[in-house]
Amino acid sequence: MRELALGARLTLAGGRAGLVRSTVTAFTIGLGVVVLLVAASLPAMHGDRQARGDGRVGTVGTGPALLVAEVPTAFRTQEFNGRLVEPAGPGAPLPPGLTRLPRPGEVFVSPALRDLLATTEGRRLVAPRIPGRVVGTIGDDGLLAPSELGYYAGARRLGAEARRVIRFGDRGGRRALPPILGLLTVLGLVAVLLPVAVLVGAAVRTGGEERDRRLAALRLVGASHAMTRRVAAGEALVAAGLGLVLGALLFLVVRANAGRLTLWELSVFPADVRPSLPLAVLVAAGVPAAAVLVSLLALRRVVAEPLGVVRRAEESRRRRLWWRLLLPAAGLLILATANADSGEVRVAAGTVALLIGVAALLPWVVERAVAGLGGGAVAWQLAVRRLQLDPGGPARTVSGVAVAVAGAIALQMVLTGVQEDFKAETREDPSRATVHAAFDDVPAAAAGERLAAAQGARTAVAIASYGPPGQPESAVHVAPCAALRELIRVSRCADGDVFRSPRARPSVAESWPGARTVRTRSDPLGRMPGGIFATPRAARGVELGNGSVDVWVRVNPEDPDAVEHVRNAAATISPQARVQQLRRTRTDAEFDLLRRALLAGAAIAIGLIGCSLLLTALDQLRERRRLLAVLVAFGTRTSTLAWSVLWQSAVPVALGLALAVSSGLALGAVLQRLLDTPVHVGWADVVGMAAVGAAVVLAVTAATLPLLWRTMRPEGLRWE
């Protein structure tokens with residue numbers, strides 16, 4: 001304990017250089033702790049979101065009820081639900097998130113919708129479809145996320161399509177994720193968290209040269225080899241402890257501002273970001289333990305003697321390859337013998353082993369690659385010589401990026417491979433219509449004219465349909481000939497004609513003498529119509545009762561807001577208009593949410609990796625400031641040193657990305673086989689991931705240039 005305490009004292013009393021080094025290490029560890037604590041909060045985030053979703057599910061029954069009519073709509077790519085509510089007598093239940101029911105003409109909106117309506121774009125493209133005056137906001141317990149768009153509007157005389165809700169809150173219990181989604185979640189966590197762990201390990205080894213000199217000084221005053229290692233462990237504990245404290249403080253800052261951050265339309269409430277106690281304890285205990293372990297492993301090749309630091313001879317210092325191949329080989333073996341029913345733990349173990357193997361292989365690859373380099377410009381020679389003297393340092397710096405890129409490529413391949421399983425063919429035909437609007441009890445001709453006049457609309461076809469729902473053989477469709485051709489195949493048609501489908505009910509067909517039998521065609525929604533098809537003159541004077549109106553609208557594809565204008569025009573016809581944009585396929589909501597969450601996690605991890613790399617690079621420049629100042633004093637040009645720093649980063653980055661791409665492709669192929677999906681490589685995604693990794697490292701290198709120029713001043717020659 002005394003020797004651990006001595007290491008802590010040496011760290012804190014080591015002057016400005018020691019404090020700067022400890023601060024850099026602690027800040028890097030703190031960034032990793034933030035990611036780990038956020039990951040430890042995922043169970044609470046998912047559980048709270050599911051509970052709020054269950055809490056607003058209405059149960060239909062008899063008794064005091066609230067009439068609720070859903071009005072689904074969207075703004076650009078973000079879907080949101082409007083709900084029209086009307087109490088059916090006293091004692092109507094209150095939806096979660098509301099303090100009272102809105103009266104007719106009043107609207108309660110979500111905070112995100114309130115903020116959108118306050119913008120110029122929101123007032124122009126969204127406000128016209130909000131049926132009333134905004135009088136309040138929906139509370140957090142009535143929303144899935146802070147970025148959710150939605151509203152509750154008071155209404156009068158809701159029709160038969162409204163549901164009689166007697167209470168809110170689904171009592172069906174928690175729903176488990178499908179096995180494939182659970183597996184994807186585990187793979188995503190591994191791909192996001194493992195690079196962070198690699199960076200934390202690299203951060204502990206920051207300032208290794210200065211640490212070795214301190215250990216040599218301890219040997220000079222009588223310390224043994226074992227004592228120096230315990231002193232080094234004490235230094236690592238200080239950095240890890242400071243990193244834990246700093247990470248916890250940064251986590252509180254992130255948590256407080258979580259509701260303001262939206263990535264890929266994904267956001268969380270601050271109250272949901274709370275780590276699971278067992279996972280938080282694991283982080284608090286695991287980070288210091290990992291720091292000590294990495295510090296001791298770093299000393300295994302160093303012998304601190306009283307007169308200096310001696311590194312092992314060249315033949316024994318050369319890195320061995322055999323054990324570095326064991327990890328990826330074991331990972332591939334585990335995954336190759338697994339299947340979709342093997343469980344997440346086995347798949348995660350194989351993935352972790354392979355990705356850690358990438359980090360372990362990179363130093364060997366860099367060492368072997370730079371050993372034969374030489375010649376060329378002065379900047380190149382300086383960079384190569386530095387890499388030959390310490391190939392492990394640059395490799396450790398790049399290893400986090402390499403692991404992140406390899407995991408991201410594999411994850412993207414898996415997502416691409418399984419996404420077809422979560423896509424459903426809608427049978428919709430966007431080539432025939434862009435938007436479908438459905439109304440109840442409105443004049444069809446007026447609705448078609450109103451939507452056709454919307455900004456960006458090209459054509460609108462309106463068809464009125466009458467008859468019992470779910471019985472197409474008994475339906476009667478009334479529209480002009482041009483509109484009827486969307487439902488039937490007919491070459492000759494004039495106003496006054498009547499047609500019938502071959503499967504029309506005889507009882508209905510008998511009421512329309514002279515109806516010609518024609519073949520039907522599916523409408524743009526993919527529904528196959530039946531019954532009677534009449535032109536307006538033929539239906540004049542016939543008692544048809546209440547019906548529904550379908551309007552098919554084609555818009556100008558060059559107008560990005562055309563669909564929004566059509567939605568607004570439909571809302572002016574009826575607040576209960578149901579408008580949807582036609583798509584050939586629709587993606588499962590849970591899969592889409594998971595995909596966006598994984599993209600957000602990868603973006604956060606890459607951003608933190610960039611910050612950590614920058615801190616590490618700045619610390620390395622600070623360690624070499626005297627050497628750089630000497631080179632300048634001997635006449636080395638500033639541009640030469642700048643290019644040498646760039647080459648020192650570019651060579652390990654190129655090698656690391658080559659290893660990451662090959663490992664990511666192998667991992668992705670094995671995982672696709674495990675999930676019984678065809679092996680498919682999206683080369684655009686692979687190139688994009690590699691480009692992001694290279695851009696991060698090159699941006700970090702560029703950010704270090706101002707400090708590099710400062711170290712080149714004559715003052716850099718001073719030494720105490």
Side-chain angles (χ1 to χ4, degrees), residues 24-25 28 31 195 198-199 201-203 205-209 358-359 361-406 408 605-625 627-628 631-632 636-661 687 689-712:
V24 170
T25 304
T28 305
L31 292 177
V198 172
L199 278 176
R205 303 182 69 171
T206 301
E209 295 180 3
V358 173
L361 269 173
L362 187 56
W364 183 89
V365 171
V366 174
E367 181 183 74
R368 292 299 188 272
V370 301
L373 297 179
V378 176
W380 173 258
Q381 293 185 50
L382 288 173
V384 168
R385 186 56 182 155
R386 180 65 191 179
L387 291 173
Q388 290 172 343
L389 287 174
D390 182 23
R396 287 191 299 271
T397 302
V398 178
S399 59
V401 176
V403 172
V405 170
I606 290 177
L608 291 179
I609 286 172
C611 293
S612 301
L613 288 179
L614 178 59
L615 293 173
T616 304
L618 293 176
D619 185 73
Q620 291 175 351
L621 280 179
R622 184 189 59 79
E623 279 192 349
R624 301 201 298 267
R625 63 188 182 279
L627 174 62
L628 295 173
L631 288 173
V632 172
T636 307
R637 291 183 298 179
T638 302
S639 60
T640 299
L641 291 179
W643 276 106
S644 72
V645 172
L646 180 61
W647 285 122
Q648 287 177 45
S649 298
V651 172
V653 166
L655 296 172
L657 291 179
L659 181 61
V661 169
V687 173
M689 296 294 180
V692 169
V696 167
V697 179
L698 295 179
V700 167
T701 302
T704 61
L705 293 180
L707 179 61
L708 174 65
W709 292 326
R710 285 187 59 189
T711 61
M712 296 176 185

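Taking both residues in full, the closest heavy atoms of Ala642 and Leu708 are given as CA-CD2, 3.6 Å, listed atom of the first, atom of the second, then distance. The shortest non-hydrogen separation linking Ala379 to Ser644 is O-CB, 3.4 Å. For Pro363 against Ala359, the heavy-atom pair with the smallest separation is CD-O, 3.1 Å. Scanning both residues, Leu362 and Ala402, for their nearest heavy atoms gives CD2-CB, 4.3 Å. In terms of heavy atoms, Leu387 sits closest to Gln648 at CD2-O, 3.9 Å. The shortest non-hydrogen separation linking Trp647 to Ala383 is CB-CB, 3.5 Å.
Interatomic distance, CG of Leu631 versus OG1 of Thr640, reported as 10.0 Å (0.5 Å rounding). A distance of 12.5 Å separates CG of Leu646 from CG of Leu641, quoted to the nearest 0.5 Å. Rounded to the nearest 0.5 angstrom, Leu628 CG and Leu382 CG are separated by 9.5 Å.
Taking 4.5 Å as the limit, some side-chain heavy atom of Val651 sits within range of a side-chain heavy atom of Leu655. For the pair Val358/Leu361, no side-chain contact is recorded, criterion being any heavy-atom separation below 4.5 Å from C-beta on.
Gln388 places no side-chain N or O within 3.5 Å of a backbone atom of Glu367 that could act as its donor or acceptor partner.
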### Trp643 vs Val378, side-chain contact (heavy atoms from CB on, under 4.5 Å): CA-CA, chis, key distance, verdict
CA-CA 9 Å; Trp643 276 106; Val378 176; over 6 Å; no
